[in-house]
Amino acid sequence: MEKRKLGQSSLELFPLALGTNVFGWTVDEPSSFELLDAFTGEGFSFIDTADVYSRWGEGNKGGESETIIGNWLRKSGKRKEVIIATKVGSDMGQGKIDLTKEYIIRAAEDSLRRLQTDTIDLYQTHFDDNTTPVEETLAAYDQLIREGKVRYIGASNLTTGRLKDSLKAAEEKGLPRYESFQPEYNLYSRESFEGELQQLCIRENLGVITYFSLAAGFLTGKYRGEADLHKSKRGHGMDKYFTPRGFRILDALDQVATRYSVTPATIALAWLIAQPGVTAPISSATSLKQLNTLTEAAKLQLDKESLQQLTDASAY
C-alpha cells in the first residue's frame with residue numbers, strides 16, 4: 001500500500017476510510033472498539049463520522065458515533081495516529097440543514113466534546129444549505145481553523161455549481177478552501193459524479209472520499225433477490241438495485257473476485273480505488289470478517305482487463 005495525500009492538505013492516508021455510521025446503531029460500543037482496533041492495527045488511519053450519526057436509530061438523538069469514537073480515543077491513546085473526519089449541517093433537531101456561522105461554531109464545540117479531542121482533522125459540510133451564502137459558511141470554518149479547533153475542511157453532497165462557488169469565494173476572499181469532496185460513488189451509482197464534478201475535483205486537486213462505496217451493501221453480493229431483503233436492517237429498499245444492469249455488475253464482480261480469490265466487496269472497492277481522482281472509498285463494517293474484506297481492497301491492484309470488465313458491466 002502507498003499513502004495518498006488528501007487534496008492540498010498535509011493529511012496522508014492509505015486508500016481506505018472507515019465509515020462509522022453504524023456505530024451506536026447496528027454496532028454497539030464494544031464491537032466498535034474492536035473494529036477501530038483492528039482497522040488501525042492494519043495501519044489505516046482515516047475515520048469518517050458525522051454529528052448526525054446515528055440519529056435514525058431507535059432511541060438515538062445524534063452524536064452516538066462521535067461519542068463512541070471519543071471513548072475509544074481516550075481508551076486507546078491513539079489520537080495522534082488517526083485522522084478524525086466529521087461533518088456538520090444535518091438536522092440535529094433544529095428541523096433543517098444549517099450552515100450559518102453561528103450554528104457551525106456551536107456544532108463544532110459539541111463534536112469536539114463528544115470526540116474528546118481538541119482538534120478535528122477534517123471538518124466537512126454534510127449537506128448544502130442554499131439559504132446561507134458560501135462566504136458565511138467558509139467564514140465559520142476560518143474562525144475554527146484560526147482557533148486551532150479544525151485543521152482542514154471538506155464538503156459532501158454539494159452541486160457542482162455550489163462547489164465551484166465555494167472554491168471561488170475561498171480564493172477571492174482569502175478564506176479556507178475545501179480540500180476534499182465526498183460524493184456518492186460506486187460501481188452502480190456512477191453518473192452523478194463522473195463527468196463535470198469528477199473533472200472539477202481533479203482540476204482543483206480535491207481529495208475524493210466516496211460514500212455508499214458498496215451501494216449500501218448491494219455490491220457485496222449479499223442481496224440477489226427478494227428473499228435476501230430481510231438479511232439486515234439495510235435490506236429494506238435494496239430491491240432498487242435489482243435491475244438488469246445491477247445483476248450484470250454482480251456477475252462481473254463474481255468473475256473478477258473468483259480470479260483474485262477475494263470477495264465481490266473487495267473487488268468493488270478496488271475498482272473505486274483505481275478511479276481517477278479518488279483518494280479513498282469510505283466503507284463501514286459490522287464485524288471483523290467484513291472489515292477484512294475492506295482492508296484487502298487497499299492492498300489489491302486490479303489489472304487493466306479486470307478494471308475494464310467492471311467498467312463495461314456497469315456502463316450507464
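- Residues Ile47 and Ile83 do not share a hydrophobic cluster, defined by chaining ILVMFWY side chains whose heavy atoms lie under 4.5 Å apart.
- Side-chain N or O atoms of Glu179 include none that pairs as donor or acceptor with a backbone N or O of Ile153 at under 3.5 Å.
- Judged purely by atom type and a 3.5 angstrom limit, Glu204 has no side-chain atom pairing as donor or acceptor with the backbone of Leu200.
- Looking at heavy atoms from C-beta onward, Tyr185 lies out of side-chain contact with Val208 at the 4.5 angstrom threshold.
- A donor atom on one side chain and an acceptor atom on the other are found under 3.5 Å apart for Glu147 and Gln143.
- More than 12 heavy atoms of other shown residues, nucleotides or ligands fall within 6.0 angstrom of atom CD in Glu29.
- Ring to ring, Tyr53 and Phe23 are not that close: their centroids are 6.0 angstrom or more apart.
- Taking both residues in full, the closest heavy atoms of Pro264 and Ala257 are given as N-CB, 3.8 Å, listed atom of the first, atom of the second, then distance.
- Looking at Arg4 and Ile273, their side chains come closer than 4.5 Å, going by heavy atoms from C-beta outward.
- The closest side-chain donor-acceptor pair between Trp271 and Ser306, if any, does not fall under 3.5 angstrom.
- Among all heavy-atom pairs drawn from Leu99 and Gly89, the shortest one is CD2-CA, 3.9 Å.
- Linking ILVMFWY side-chain heavy atoms closer than 4.5 Å, directly or via other members, places Leu167 and Leu6 in two distinct hydrophobic clusters.
- Rounding to the nearest 0.5 angstrom, the gap separating the CG atom in Leu163 from the CZ atom in Phe181 is 5.5 Å.
- At least one donor-acceptor pair under 3.5 Å links the side chain of Ser76 to the backbone N or O of Lys78.
- Between Arg203 and Glu196 there is no salt bridge, since none of the side-chain N atoms of the basic residue sits less than 4.0 Å from a carboxylate O of the acidic one.
- Taking a cutoff of 4.0 Å between a charged side-chain nitrogen and a carboxylate oxygen, Arg113 and Asp110 qualify as a salt bridge.
- Contact check for Thr293 versus Thr220: no side-chain heavy atoms found under the 4.5 Å cut-off.
- A ring-centre distance under 6.0 Å is not found for Phe218 and Tyr223.
- No more than 12 heavy atoms of other residues, nucleotides or ligands lie within 6.0 Å of CD in Glu171, so this atom counts as exposed by the packing criterion.
- Between the side chains of Thr119 and Arg151, no donor N or O sits under 3.5 Å from an acceptor N or O.
- Taking the centre of each ring, Phe247 and Phe242 come in below the 6.0 Å mark.
- Cluster annotation: Tyr152 and Ile105 are assigned to distinct hydrophobic clusters (Ile/Leu/Val/Met/Phe/Trp/Tyr, side-chain heavy-atom contacts under 4.5 Å, transitive).
- Residues Thr132 and Tyr103 have side chains that never bring a donor and an acceptor to within less than 3.5 angstrom of each other.
- For the pair Thr137/Asp129, no side-chain contact is recorded, criterion being any heavy-atom separation below 4.5 Å from C-beta on.
- At a threshold of 4.0 Å, the pair Asp312-Arg248 does not count as salt-bridged, since none of the basic side-chain nitrogens sits closer than that to a carboxylate oxygen.
- Residues Thr86 and Glu66 have side chains that bring a donor and an acceptor to within less than 3.5 angstrom of each other.
- Within the model, atoms CG of Leu35 and CG of Asp37 stand 9.0 Å from one another, a figure rounded to the nearest 0.5 Å.
- A donor-acceptor pair under 3.5 Å is absent between the side-chain atoms of Asp48 and the main chain of Gly19, judged by distance alone.
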Output, in order, the C-alpha distance, side-chain angles, deciding distance and verdict of side chain to side chain contact (heavy atoms under 4.5 Å, CB included) for Thr266 and Leu269. CA-CA 5 Å; Thr266 300; Leu269 292 177; over 6 Å; no
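- Put simply, the side chain of Phe212 does not reach to within 4.5 Å of the side chain of Ser189, judged on heavy atoms.
- Linking ILVMFWY residues whenever their side-chain heavy atoms come closer than 4.5 Å, directly or via other members, places Leu138 and Tyr123 in the same cluster.
- At a cut-off of 3.5 Å, with distance as the only test, a side-chain donor of Thr49 or Ser65 sits close to an acceptor on the other residue.
- We find that Lys149 and Glu109 are joined by a salt bridge, their nearest charged nitrogen and carboxylate oxygen being less than 4.0 Å apart.
- Taking hydrophobic clusters as Ile, Leu, Val, Met, Phe, Trp and Tyr residues chained together by side-chain heavy-atom distances below 4.5 Å, Leu250 shares a cluster with Leu307.
- Arg177 contributes no side-chain N or O that, together with a main-chain N or O of Ser166, makes up a donor-acceptor pair within less than 3.5 Å.
- Within the 3.5 Å criterion, the main-chain N or O of Arg74 finds no donor-acceptor partner in the side chain of Gln116.
- Counting all heavy atoms, side chain and backbone alike, Leu214 lies closest to Ser283 at CD1-OG, 3.4 Å.
- Residues Leu253 and Leu187 have side chains in contact (heavy-atom distance under 4.5 Å, counting atoms from C-beta outward).
- Ser156 and His126 form no side-chain donor-acceptor contact under 3.5 Å, judged by distance and modelled atom types alone.
- Side-chain contact check for Gln182 and Asn157: no donor-acceptor pair (N or O, by modelled atom type) lies under 3.5 Å.
- Between the side chains of Tyr178 and Gln124, no donor N or O sits under 3.5 Å from an acceptor N or O.
- Judged by distance alone, the side chains of Asn186 and Tyr211 never bring a donor and an acceptor atom under 3.5 Å apart.
- Relative to the ring axis of Tyr316, Arg245 does not place its NZ or CZ within 45° and under 6.0 Å from the centre.
- No side-chain donor-acceptor contact under 3.5 Å links Asn292 and Glu42.
- With Thr67 contributing its side chain and Gly63 its backbone, the two residues share a donor-acceptor pair below 3.5 Å.
- Atom NZ of Lys168 is surrounded by 12 or fewer heavy atoms from other residues, nucleotides or ligands within 6.0 Å.
- Counted by atom type alone, Ser54 and Asn60 present one or more donor-acceptor pairs between their side chains at under 3.5 Å.
- Of the residues Val22, Thr20, Ile68, the one that meets the side-chain contact (heavy atoms from CB on, under 4.5 Å) test with Ser32 is Ile68.
- The minimum heavy-atom distance between Ser45 and Phe39, with the atom names listed, is N-CE2, 3.9 Å.
- Although no hydrogens or angles enter the test, the distance criterion places a donor-acceptor pair under 3.5 Å between the side chain of Asp91 and the main chain of Gln94.
- Using a cutoff of 4.0 Å between basic side-chain nitrogens and carboxylate oxygens, Asp98 and Arg106 are not scored as salt-bridged.
- By the 4.5 Å heavy-atom criterion applied to side chains, Thr243 and Tyr188 are counted as neighbours.
- For the pair Leu13 and Ala280, the tightest heavy-atom approach, listed with the atom from each and the gap, is CD1-CB, 3.7 Å.
- Under the 4.5 Å side-chain criterion, counting only non-hydrogen atoms from C-beta, Asp128 is not in contact with Ile97.
- Nearest approach of Ile209 to Ser180, heavy atoms of both residues: CD1-OG, 4.4 Å.
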